[in-house]
Every structure is written in structure tokens, then in C-alpha cells.
Amino acid sequence: MEKTIIKDKLERPLRDLRISVIDRCNFRCQYCMPADQFGDDFEFLPKSALLSYEEIDRVAKAFVSLGVEKIRLTGGEPLLRRDLPILVKKLSEIDGLKDIALTTNGVLLPKLADKLKEAGLKRVNISLDTLNDELFGIINGRGVGTQPVLDGIEAAKKAGLRVKINMVVKKGLNDSEIIPMADFCLKNGLELRFIEYMDVGSSNGWKMNDVITKKQIYNMLKEHYQLESLDPAYFGEVAKLYNYTNTDVNVGFISSVSESFCSSCTRSRLSANGQIFTCLFNGNGHDIRNFMRNGATDEELRKRITDIWNGRNDRYSDERTEETAKNRKKIEMSYIGG
């Protein structure tokens with residue numbers, strides 16, 4: 001497929017697409033889908049509001065033709081979407097797409113890891129915010145212990161998937177778990193990503209004082225390990241990576257709050273209800289679902305995506321304050337993924 005490289009108003013190329021395939025989740029994590037906001041009576045999207053796999057494949061092909069090289073599937077919990085390996089297989093056959101990854105809580109991986117790998121999935125990021133069963137049950141809002149996630153990690157490794165662990169750190173909640181998690185991942189050869197607690201959506205009650213910064217976490221790690229800084233592998237790499245000296249294990253930091261990376265952001269996002277978002281923190285989506293269902297041609301779809309990206313000037317994390325976090329309209333994490 002011949003590619004056309006497009007750039008936004010800040011000269012950032014389009015390289016990555018994150019696709020939320022479902023807004024439902026089997027957890028109720030405090031920083032994403034808190035139980036008091038997403039209770040048993042919460043109305044999730046009906047099936048008709050979700051993009052079909054054929055529609056997702058069509059949008060993905062358009063994005064790849066405009067420069068996208070990597071796709072990450074997210075949710076909600078993406079493994080709740082029925083027959084997800086079918087979608088992975090479709091995407092893996094797109095000419096010019098270099099990488100397909102998935103973000104998950106890992107609970108359903110024992111059933112699906114082999115099928116996903118066979119379909120063409122290469123990598124999984126598994127969320128695990130503590131190894132303490134009681135605390136993990138509190139964080140996930142369902143009282144679920146860590147063993148189902150640990151089983152998912154093992155299943156992914158056995159299937160031949162590259163595994164990374166995501167840990168969102170919130171002050172006073174799980175910051176005491178930073179070193180235990182680092183020890184666990186180092187001993188098991190897993191790359192751990194520490195993620196600063198972010199103000200995604202408006203339901204998690206985010207406050208700046210709840211953030212444990214990358215610098216603070218790094219200083220904690222330095223008391224226990226020798227770390228060597230690694231150069232970014234490519235333009236737009238989100239994580240700041242370090243290597244544990246004399247090992248082949250890395251550790252990374254997603255520092256959206258304290259050390260923003262807006263200037264090199266190459267990601268577009270497709271929400272569970274078929275809207276394109278140009279920033280994780282932007283609540284103004286561009287409806288692509290109805291645009292397609294109303295008969296848009298492939299060329300019209302490409303032009304629509306090009307116009308959206310060409311008009312992009314988002315740099316929210318560069319400008320974040322306590323006030324903007326409180327007042328800006330933002331899409332919920334369950335619709336747009338991480």
C-alpha cells in the first residue's frame with residue numbers, strides 16, 4: 001500500500017492508532033471506571049453503536065495508508081469483545097502495518113493468548129498495580145485477587161507474546177508497591193511501565209496532589225538498583241526507558257503529568273463508538289461511524305482523516321493545571337482506552 005505521510009499543525013506525523021473495541025470492563029478500577037460512577041445500572045453502548053470488525057478494518061486501512069505503522073487495541077477491556085482474534089487477523093493482513101499490540105487486565109488471556117498470537121498479535125501490555133491481593137481487590141473494585149492476572153501473564157509468555165506490565169501509581173494508594181513490583185518484574189524478565197496518575201475523563205476525581213511523579217519513582221528505584229538511561233528507539237516513543245545494569249530487562253516511565261511529551265505525540269485514537277480523537281484528553285471527537293454508514297467512499301474516508309489530523313494542535317499535557325483538569329471536557333477512559 002502506498003503511503004501518504006500527513007502532519008498536524010505542529011508538524012507531528014501520524015504514526016500510531018489506538019482502537020477501543022468496547023466500552024465494557026470486568027473491573028472497576030478507581031482511576032478508570034470507578035464503581036460509584038459505573039454501577040450495575042450503568043448503560044453501556046449497545047452493539048449497534050460499536051464499529052463492526054469490518055468497519056474497524058476499513059478505518060485501520062485508511063489510517064495505515066496515511067502513515068500509521070502501529071495499532072494498539074484497547075477498551076474498556078478489549079478481550080470482552082467477542083471473537084477478538086478475528087479482528088486481529090484482519091488487521092495483521094493490512095499491507096504496511098508493522099505492529100499490533102493489545103492493552104488488557106489479563107484475566108481472559110489464559111483462554112485467548114494462543115489464539116491471539118496465532119492471529120498475528122505481537123505484544124500485550126497487562127495492567128497490574130500491586131501484588132498485594134487485598135489492595136488489588138480494592139483498586140479493581142471487584143475484590144479480585146492478583147492470581148487471575150498472574151495467570152494471564154504466564155499464558156501470554158507461553159504463547160510467545162512480548163509482555164509489558166503497566167502500573168498506574170497514585171499517592172497514598174499504591175506508592176508503597178513500587179519496589180515490590182519492580183522486584184517482581186525484574187526477577188521475571190518483564191518490562192514494567194510506571195504510569196503517572198492522569199486526569200483522563202471526569203469520573204476519577206483526579207487531583208494534582210495524588211500524582212507520584214516520574215522523578216520521585218526514579219529516585220526510589222535508584223536506592224535499590226543501578227539504572228542506565230536508554231535513547232528513544234523512534235520519534236514519538238512515549239516511555240522514558242532505563243535498563244537495569246547488567247541485565248536485559250528495562251523499566252519505563254509514562255510521565256504525562258510531570259514531563260509531558262506532547263511535542264512528539266504521533267497518536268490518534270478511535271473510540272468504542274466510532275469517533276476519532278486527536279488527544280487522550282480532548283473531549284471533542286469526530287464522528288467516523290455515521291460518516292461511513294452514510295456511504296462515504298474509501299477516498300472520502302482518507303480525506304476526512306487527513307483533514308482531522310491536519311487541523312490537530314492538541315498539547316494538553318503541556319498546558320495542564322489543576323483548573324484545566326477540572327473544567328475541560330474529556331472523553332472517559334472506558335470509551336477511548338489508554
Side-chain angles (χ1 to χ4, degrees), residues 1-20 51 56 58-74 91 94 96-101 103 196 198-201 232-240 254-292 296-321 324-325 327-333 335-338:
M1 180 185 299
E2 185 176 346
K3 289 195 176 187
T4 302
I5 306 302
I6 60 175
K7 295 185 177 182
D8 66 10
K9 288 187 174 181
L10 300 179
E11 292 297 309
R12 296 169 294 189
L14 176 62
R15 287 284 184 269
D16 306 87
L17 176 63
R18 301 198 170 184
I19 302 174
S20 176
L51 293 181
I56 292 174
R58 187 182 173 200
V59 175
K61 285 177 178 175
F63 268 96
V64 171
S65 74
L66 296 171
V68 162
E69 297 178 340
K70 297 191 297 181
I71 287 178
R72 176 176 294 279
L73 300 178
T74 68
L91 297 178
I94 297 177
L97 183 63
K98 296 180 179 179
D99 188 35
I100 305 174
T103 296
E196 292 180 346
M198 293 182 288
D199 52 321
V200 179
Y234 54 88
F235 179 83
E237 184 169 28
V238 171
K240 295 178 174 64
I254 310 294
S255 55
S256 173
V257 178
S258 68
E259 298 177 11
S260 67
F261 37 82
C262 295
S263 63
S264 61
C265 178
T266 62
R267 288 167 297 287
S268 185
R269 290 173 165 83
L270 183 65
S271 71
N273 58 349
Q275 296 187 69
I276 292 175
F277 288 84
T278 55
C279 177
L280 182 60
F281 305 98
N282 191 336
N284 298 313
H286 304 267
D287 183 9
I288 211 74
R289 182 192 66 202
N290 290 326
F291 183 70
M292 288 192 297
T297 65
D298 288 348
E299 189 53 42
E300 288 170 337
L301 178 58
R302 279 170 46 90
K303 185 179 185 306
R304 177 72 172 141
I305 295 170
T306 298
D307 290 344
I308 292 170
W309 192 260
N310 286 162
R312 177 193 191 231
N313 61 0
D314 299 280
R315 47 189 297 269
Y316 173 80
S317 292
D318 283 348
E319 304 167 333
R320 177 193 284 106
T321 65
T324 61
N327 296 326
R328 178 160 173 165
K329 175 188 174 184
K330 288 175 282 188
I331 186 74
E332 293 296 334
M333 179 79 86
Y335 288 97
I336 199 173

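Computed from a prediction, not measured in an experiment: that's the story for all the values here.
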Residues that N313 engages under side-chain hydrogen bond (donor to acceptor under 3.5 Å, both in side chains), provided they are two or more places apart: none
Residues that E196 engages under side-chain contact (heavy atoms from CB on, under 4.5 Å), provided they are two or more places apart: V211, T213, K214, S255, V257, S258
Non-neighbouring partners of D307 that pass salt bridge (Lys or Arg N to Asp or Glu O under 4.0 Å), sequence neighbours left out: K303
Min side-chain heavy-atom separation I276-F63 under 4.5 Å: yes
Residue pair R12, C262: steps toward the side chain to side chain contact (heavy atoms under 4.5 Å, CB included) verdict: CA-CA 9 Å; R12 296 169 294 189; C262 295; 4.3 Å; yes
Side-chain heavy atoms of R72 within contact of D16, under 4.5 Å: no
side-chain contact (heavy atoms from CB on, under 4.5 Å) partners for K7, two or more places apart: E11, P13
For R312, all residues meeting side-chain hydrogen bond (donor to acceptor under 3.5 Å, both in side chains), sequence neighbours excluded: D8
Residues that R58 engages under salt bridge (Lys or Arg N to Asp or Glu O under 4.0 Å), provided they are two or more places apart: D298
Qualifying residues under side-chain contact (heavy atoms from CB on, under 4.5 Å), relative to N310, sequence neighbours excluded: I6, T306
All side-chain hydrogen bond (donor to acceptor under 3.5 Å, both in side chains) counterparts of K9, not counting sequence neighbours: none
Interatomic distance, T266 atom OG1 to K70 atom NZ [nearest 0.5 angstrom]: 7.0 Å
Partners meeting side-chain contact (heavy atoms from CB on, under 4.5 Å) with E300 (sequence neighbours left out): F291, A296, T297
